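Scroll down for the structure; my scribbles are underneath it.
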Amino acid sequence: MTTTPQLPTADDLHRTSGEDDGLQAAARRHLWMHFTRMSVYADHEVPVIERGEGPWVYDQRGKRYLDGLSGLFVSQIGHGRTELAEAAARQAQTLAYYPLWSYAHPRAIELAERLASYAPGDLNRVFFTTGGGEAVESAWKLARQYFHLKGEHGRYKALSRSIAYHGTTMGALSITGLPSIQTPFAPLVPGGVRVPNTNPYRPMVADPAEAIAQAIEMEGPETVAAVFLEPVQNSGGCFPPPPDYFPRVREICDEYGVLLVSDEVICAFGRLGHWFGAERYGYQPDIVTMAKGMTSGYSPIGGMLASDRVMEPFLEGTTTFLHGITFAGHPVSSAVALANLDIMEKEDLLGNVRRNEAAFRATLEKLLDLPIVGDVRGDGYFYGIELVKDKATKETFDDDESERLLRGFLSHALFDAGLICRADDRGDPVIQLAPPLTIGQPEFDYIEGVLRQVLTEAGNLL
Ligand SMILES: Cc1ncc(COP(=O)(O)O)c(C=O)c1O
């Protein structure tokens with residue numbers, strides 16, 4: 001008999017203060033949080049998020065926060081959707097696990113077909129992973145083996161943009177453009193090459209597309225396998241592409257025989273109002289990497305879409321893509337992804353983003369009247385707000401000021417005021433927003449209100 005799970009209610013989850021203390025002590029003693037300075041929790045509480053409902057999440061004491069970053073650019077449809085929990089339970093009862101190594105299972109097949117139907121052009125083949133970094137890693141390996149099969153044995157390098165984040169496994173880390181998170185793990189995988197990004201507020205070069213051509217020439221075109229680009233670069237604080245950027249990059253890749261990988265781990269599944277960011281900016285990638293929003297986080301999955309051209313040598317004779325991951329395309333995650341995509345279609349969440357993005361932008365742009373707000377940029381439901389010391393000169397904060405402002409004040413103050421977003425200093429100091437795709441004007445106003453209050457206080461502290 002099939003039973004459907006009930007999501008826990010607030011009462012079910014209510015903890016006594018003794019239980020709270022126990023959880024805090026256990027977190028401090030045993031849990032290792034990612035990219036987190038653990039020393040902070042010697043004298044601070046670990047923030048514990050216990051449940052979610054729509055765009056809101058609640059901590060263990062019942063305090064509510066607007067989830068302005070969708071967890072980590074993940075929760076497209078919002079929290080607490082029983083349909084997805086039910087889809088997971090049904091699949092676990094039918095077939096909890098089977099690998100995609102030599103075998104297939106129905107949900108992975110259906111999901112692959114569905115993703116191919118959403119993808120632009122001939123991106124018809126899906127290779128699943130369990131997350132985004134693995135997808136990037138897989139794409140680099142695919143590009144390398146593809147060129148071996150084509151007889152172009154010297155092509156192994158991957159170009160990517162300054163400050164871009166593409167994951168933390170050694171291959172993906174070597175494609176990442178953030179020296180601060182690479183240096184402790186040097187030497188990196190050989191072949192990662194940096195090109196300028198498209199920061200519109202602080203342009204690195206006059207023509208960032210031509211800079212890619214120059215980098216290919218400099219490295220030697222016969223050594224370059226792929227260019228990895230996000231539709232909107234996240235790290236650094238939402239760098240949308242200039243209008244003619246991607247069409248020109250596509251031409252450059254064709255000219256030099258280099259594969260174009262669109263890293264859509266953040267930008268796919270409605271974040272920019274389309275299934276894929278490539279569609280929004282009108283370019284045709286050879287490979288797309290994806291993860292996060294595919295299941296809205298109800299279960300982990302990632303993958304890459306490859307074009308017919310890239311797949312073609314792998315369909316011949318004894319050729320095999322020599323790569324695999326035990327949990328990739330997990331049946332439960334595949335079932336959850338299908339249910340998530342059903343909801344996105346039924347509720348027209350792509351349309352919701354497209355209809356509301358101008359209002360979201362206009363609401364955030366109101367903050368430009370604050371002296372500390374230098375720039376508001378982004379597209380869809382994906383924005384960065386750059387903070388500056390002097391708006392007229394665009395002078396930014398030095399390391400010490402940035403440390404005090406972002407880590408010392410803003411992160412905590414925003415959280416205390418009921419907004420979860422990211423205060424990031426991987427490039428210049430920015431606040432990043434990527435809320436669930438379900439929200440509208442009331443939540444935009446809430447976000448603006450909290451930011452106004454906290455950024456005004458931050459300005460007064462300077
Ligand atoms: C563009 C991009 N690529 C890759 C990754 C890595 O994904 P994951 O954390 O699932 O490994 C991320 C994560 O934020 C990302 O933003």
Side-chain angles (χ1 to χ4, degrees), residues 33-36 69-76 127-143 158-178 180-182 185 189 192 194-195 197-198 226-241 246 260-272 276-278 280-281 285 287-305 325 327-330 333 336-337 378-384 420-422 424 426-427 430 432-434:
M33 284 131 76
H34 296 207
F35 278 117
T36 301
L69 206 65
S70 298
L72 204 50
F73 313 97
V74 164
S75 311
Q76 317 296 73
F127 184 95
F128 284 111
T129 64
T130 66
E134 273 176 10
V136 170
E137 192 86 25
S138 302
W140 197 5
K141 289 182 76 175
L142 171 57
L159 270 55
S160 60
R161 292 182 292 201
S162 176
I163 326 181
Y165 181 88
H166 293 283
T168 53
T169 55
M170 284 306 284
L173 184 67
S174 305
I175 295 174
T176 286
L178 288 157
S180 60
I181 63 166
Q182 293 171 312
F185 308 103
V189 178
R194 285 309 79 76
V195 294
N197 60 45
T198 65
V227 182
F228 284 73
L229 304 171
E230 291 165 88
V232 172
Q233 180 175 325
N234 170 47
S235 202
C238 280
F239 304 152
F246 275 113
L260 174 55
V261 182
S262 191
D263 184 354
E264 307 233 6
V265 167
I266 289 179
C267 292
F269 306 112
R271 178 61 50 208
L272 300 171
F276 294 98
R280 174 166 185 144
Y281 302 118
I287 300 172
V288 162
T289 52
M290 60 200 159
K292 297 188 185 271
M294 202 193 304
T295 58
S296 285
Y298 286 73
S299 194
I301 200 167
M304 59 176 173
L305 275 151
I325 298 149
F327 286 136
H330 192 281
S333 299
V336 169
D379 270 329
Y381 273 22
F382 188 27
Y383 278 92
I420 300 183
C421 55
R422 191 190 236 181
D424 196 26
R426 284 178 166 166
V430 283
Q432 283 177 292
L433 292 162

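All ligand and atom numbering here is 1-based and tracks the order in the structure. Here the structure is a predicted model, which means the values were calculated and not measured.
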Task: Heavy-atom check, side chain of Ile266 versus side chain of Phe382, under 4.5 Å - done: yes
TODO: List in chain and number order the residues that pass side-chain contact (heavy atoms from CB on, under 4.5 Å) with Ser162, two or more places apart in sequence or in another chain; answer none if no residue qualifies.
DONE: Asn197, Met204
Open item on the list: Just verifying a value: how many Å separate Tyr165 OH and Phe35 CZ, rounded to the nearest 0.5 Å?
Closed with: 4.0 Å
Task: Contact check, side chains of Leu142 and Ile287, non-hydrogen atoms, under 4.5 Å - done: yes
- [ ] Sequence neighbours left out, what pairs pass side-chain hydrogen bond (donor to acceptor under 3.5 Å, both in side chains) with at least one residue falling in residues 167-176?
- [x] Glu137-Thr169
Could you go through ligand 1 and list every pair where one of its N or O atoms sits under 3.5 Å from a protein N or O, giving the atom names and the distance to one decimal?
{"unit_1": "ligand 1", "atom_1": "3 (N)", "unit_2": "Asp263", "atom_2": "OD1", "d": "3.4"}
{"unit_1": "ligand 1", "atom_1": "3 (N)", "unit_2": "Asp263", "atom_2": "OD2", "d": "2.8"}
{"unit_1": "ligand 1", "atom_1": "7 (O)", "unit_2": "Gly133", "atom_2": "N", "d": "3.1"}
{"unit_1": "ligand 1", "atom_1": "10 (O)", "unit_2": "Gly132", "atom_2": "N", "d": "2.8"}
{"unit_1": "ligand 1", "atom_1": "11 (O)", "unit_2": "Gly133", "atom_2": "N", "d": "2.6"}
{"unit_1": "ligand 1", "atom_1": "14 (O)", "unit_2": "Lys292", "atom_2": "NZ", "d": "3.0"}

TODO: Could you list the residues that satisfy salt bridge (Lys or Arg N to Asp or Glu O under 4.0 Å) with Arg422, not counting sequence neighbours?
DONE: none
